[in-house]
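Inspection log for the structure reproduced underneath, given as structure tokens.
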Number of protein chains: 2
Amino acid sequence: MSPHLPEQCSHCSMYFDAENFCAKLSDDELVALNAQSSLVTIKRDEAVTEETQKLHPVMAISSGVLSLQHLLHDGRKTIAAILMRGDILDLRNSTRNQLGALIALNSVTLCRLSPVVFDAAIAENPQARMLAWANITDQTFRAINHAADLAKKQALEKLASFIFEIRNRDVRVPGNDHVHIPIRRRDLAEYLGMQPETVSRCFKDLAGRGIIHVSDLSVIRILNAPALRRISNGDRSPKGGRLDVPSFNVLVADA
Amino acid sequence: MSPHLPEQCSHCSMYFDAENFCAKLSDDELVALNAQSSLVTIKRDEAVTEETQKLHPVMAISSGVLSLQHLLHDGRKTIAAILMRGDILDLRNSTRNQLGALIALNSVTLCRLSPVVFDAAIAENPQARMLAWANITDQTFRAINHAADLAKKQALEKLASFIFEIRNRDVRVPGNDHVHIPIRRRDLAEYLGMQPETVSRCFKDLAGRGIIHVSDLSVIRILNAPALRRISNGDRSPKGGRLDVPSFNVLVADA
DNA sequence: AGGATGTGTTGACTCAGATCAATAAAGCGT
DNA sequence: ACGCTTTATTGATCTGAGTCAACACATCCT
């Protein structure tokens with residue numbers, strides 16, 4: 001490890017996860033970026049301040065789960081997106097869009113980057129540029145897939161999709177069928193556009209069918225991944241009888 | 001206009017819309033990009049071929065509306081996203097994500113770009129880079145907002161939001177309260193996660209309240225923008241009585 | 001023009017999930 | 001360990017929008 005490596009970067013997943021932005025920076029670039037940046041920790045239910053959003057419109061999630069929340073006039077709340085380790089957030093173009101509030105769903109470590117130095121690194125370092133670009137396009141497709149989940153899926157199907165989403169986004173231990181759910185039931189409900197009661201009933205349903213096992217509130221174990229996948233793909237036939245479907249959307253069997 | 005300007009670019013909105021990617025390219029860059037690219041027209045209900053997706057994973061919408069569709073096993077269909085003039089689509093990172101099918105909702109003109117030349121332009125031209133980055137982050141926020149619409153809003157609220165979304169994305173003539181709806185009712189329903197019947201009933205409802213006027217299937221006129229905005233923001237109180245809501249989400253009054 | 005096909009609208013009925021209310025179980029500070 | 005607060009679960013009821021079916025328009029084709 002280089003002697004130049006900034007102390008706070010050495011503990012940050014943006015640096016030590018090989019597929020994250022900071023991992024691709026040279027020591028000099030990292031020092032330059034770090035000099036204008038600052039790590040901050042946000043406790044659960046607290047928001048990223050307006051001030052941070054103005055002064056540091058570019059940030060990266062080092063750890064924890066950050067949510068983007070929308071509130072309707074009569075109090076209905078929605079978690080429109082969840083940001084996790086490695087995600088880059090660039091608010092510079094978000095003024096026109098209704099952004100909503102950035103609220104931590106558990107303890108979040110955020111690196112507030114300097115937009116100027118960030119742009120410079122993007123300009124000069126092709127690998128870093130590619131990773132940043134890949135992360136943003138990934139976020140776009142994730143958001144689109146989430147929208148698709150919300151649009152037509154039933155409660156049980158949405159929950160099944162969520163379990164896969166969380167498993168795929170988390171750092172994955174091969175062969176481990178345990179999935180860690182890093183957020184509360186009510187946050188999960190708000191993310192999936194349903195009520196906590198319904199989430200509870202759906203977990204119970206999946207457990208009752210022997211598809212998952214709910215160890216405690218934050219850990220479940222997938223017992224029958226193919227069945228869970230079928231549910232998440234909207235197969236409502238009682239016992240695996242498959243319908244004809246155009247080939248473009250036959251989804252990969254995984255796990 | 002430069003003598004070097006490629007013929008097909010001169011008719012393309014990616015070039016003549018000042019805020020689009022190609023408008024920022026130098027003549028040399030444009031010629032280089034154009035040499036490896038090709039415009040293609042896709043008729044309604046036709047898909048972007050697998051071959052195009054493989055050979056030209058980077059494309060830009062010159063005109064028309066392109067949809068990204070998901071299909072569930074039992075036949076339920078969802079339009080997860082709609083891409084319009086000026087949007088850049090980069091499929092290179094989409095292999096892991098379930099992309100779905102790219103289907104034209106009306107006649108679409110697509111410019112299939114060379115990834116290599118596109119990357120080179122991104123690397124060398126800061127303005128073009130910024131615009132491409134801005135378009136992608138914009139798409140992300142749009143998708144997130146769409147997800148928020150789908151999560152908790154009622155049918156009428158979703159339709160109201162859609163009217164504003166379409167108006168804001170379209171090229172806007174100031175003072176013109178007509179909104180052109182470029183897609184069919186059933187496509188609109190699939191985008192909003194509802195049934196065509198419900199869309200029809202909601203249009204009727206809004207018209208009955210004097211909030212919009214439906215000229216024909218593809219043109220509506222907004223008669224009472226504040227009321228429409230209130231509905232899209234989830235105000236269900238009968239006559240404008242406002243509830244207390246945290247300041248971060250009080251939305252701008254527009255129009 | 002006429003028939004055929006695709007698209008949008010209207011009405012009657014049903015159901016998945018929201019809502020309300022009550023209880024149980026976790027967290028958390030002292 | 002205690003009490004207190006927050007969060008999750010369970011049960012009973014209600015409703016918005018889905019579903020089904022019939023009809024009204026458009027648009028297209030020959």
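Keep in mind that what you see is a predicted model, and the values were worked out from it rather than measured. Below, chain A is the first sequence line, B the second, and so on; all start at residue 1.
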Legend entry - Side-chain-base donor-acceptor pair under 3.5 Å for A:Gln154 and C:dC15: no

Inset, instruction - Looking at every strand, decide which applies to B:Arg44 at a 4.0 Å heavy-atom threshold: base, sugar-phosphate, or nothing. - result: sugar-phosphate

Inset, instruction - Using a strict 4.0 Å threshold on nitrogen-to-oxygen distance, state whether B:Asp138 and B:Arg169 make a salt bridge. - result: no

Legend entry - Side-chain N,O (B:Thr198) to OP1/OP2 (D:dG18) below 4.0 Å: yes

Inset, instruction - State yes or no: are the ring centers of B:His146 and B:Tyr191 separated by less than 6.0 Å? - result: yes

Inset, instruction - Could you check how far CZ of B:Arg185 sits from C1' of D:dC25, rounded to whole Å? - result: 13 Å

Inset, instruction - Among the candidates C:dA18, D:dT19, D:dT7, find the nucleotide nearest to the side-chain atoms of B:Glu197. - result: D:dT19

Inset, instruction - For a side-chain contact (heavy atoms from CB on, under 4.5 Å) with B:Ile88, tell me which candidate from B:Asn135, B:Leu83, B:Ile61, B:Asn20 qualifies. - result: B:Asn135

Legend entry - Spacing between A:Asp216 atom CG and D:dT9 atom P, to the nearest angstrom: 11 Å

Inset, instruction - Spell out yes or no: do the side chain of A:Arg184 and the base of C:dG27 have one donor N/O and one acceptor N/O closer than 3.5 Å? - result: no

Inset, instruction - Look only at the side chain of B:Gln53 and the backbone of B:Val48, and say whether a donor-acceptor pair between them is shorter than 3.5 Å. - result: yes

Legend entry - Distance-minimising heavy-atom pair for A:Arg142 and A:Asp87: NH2-OD1, 2.9 Å

Legend entry - Helix axis bend for the helix from C:dA1-D:dT30 to C:dT30-D:dA1 - C1'-based end axes, five pairs, 10° rounding: 60°

Legend entry - Between C:dT9 (P) and B:Asp205 (CG): distance, integer Å: 14 Å

Legend entry - Side-chain donor/acceptor of B:Ser200 to backbone N/O of B:Pro196, under 3.5 Å: no

Inset, instruction - Tell me yes or no: between the side chains of A:Arg112 and A:Ser37, is some donor less than 3.5 Å from an acceptor? - result: no

Inset, instruction - Using atom CG of B:Leu217 as one end and atom C1' of D:dA26 as the other, report the distance to the nearest whole Å. - result: 9 Å

Legend entry - Side-chain donor/acceptor contact of B:Gln195 with base of D:dC20 under 3.5 Å: no

Inset, instruction - Using atom CZ of A:Arg186 as one end and atom P of C:dG27 as the other, report the distance to the nearest whole Å. - result: 15 Å

Inset, instruction - Could you state the atom-to-atom distance from NZ of B:Lys158 to C1' of D:dG16 in whole Å? - result: 11 Å

Inset, instruction - Mind calculating the distance between CZ (A:Arg76) and P (C:dG17) to the nearest angstrom? - result: 18 Å

Legend entry - Integer-rounded Å distance: D:dG18 C1' and B:Leu192 CG: 15 Å

Legend entry - Side-chain donor/acceptor contact of B:Arg201 with base of C:dG8 under 3.5 Å: no

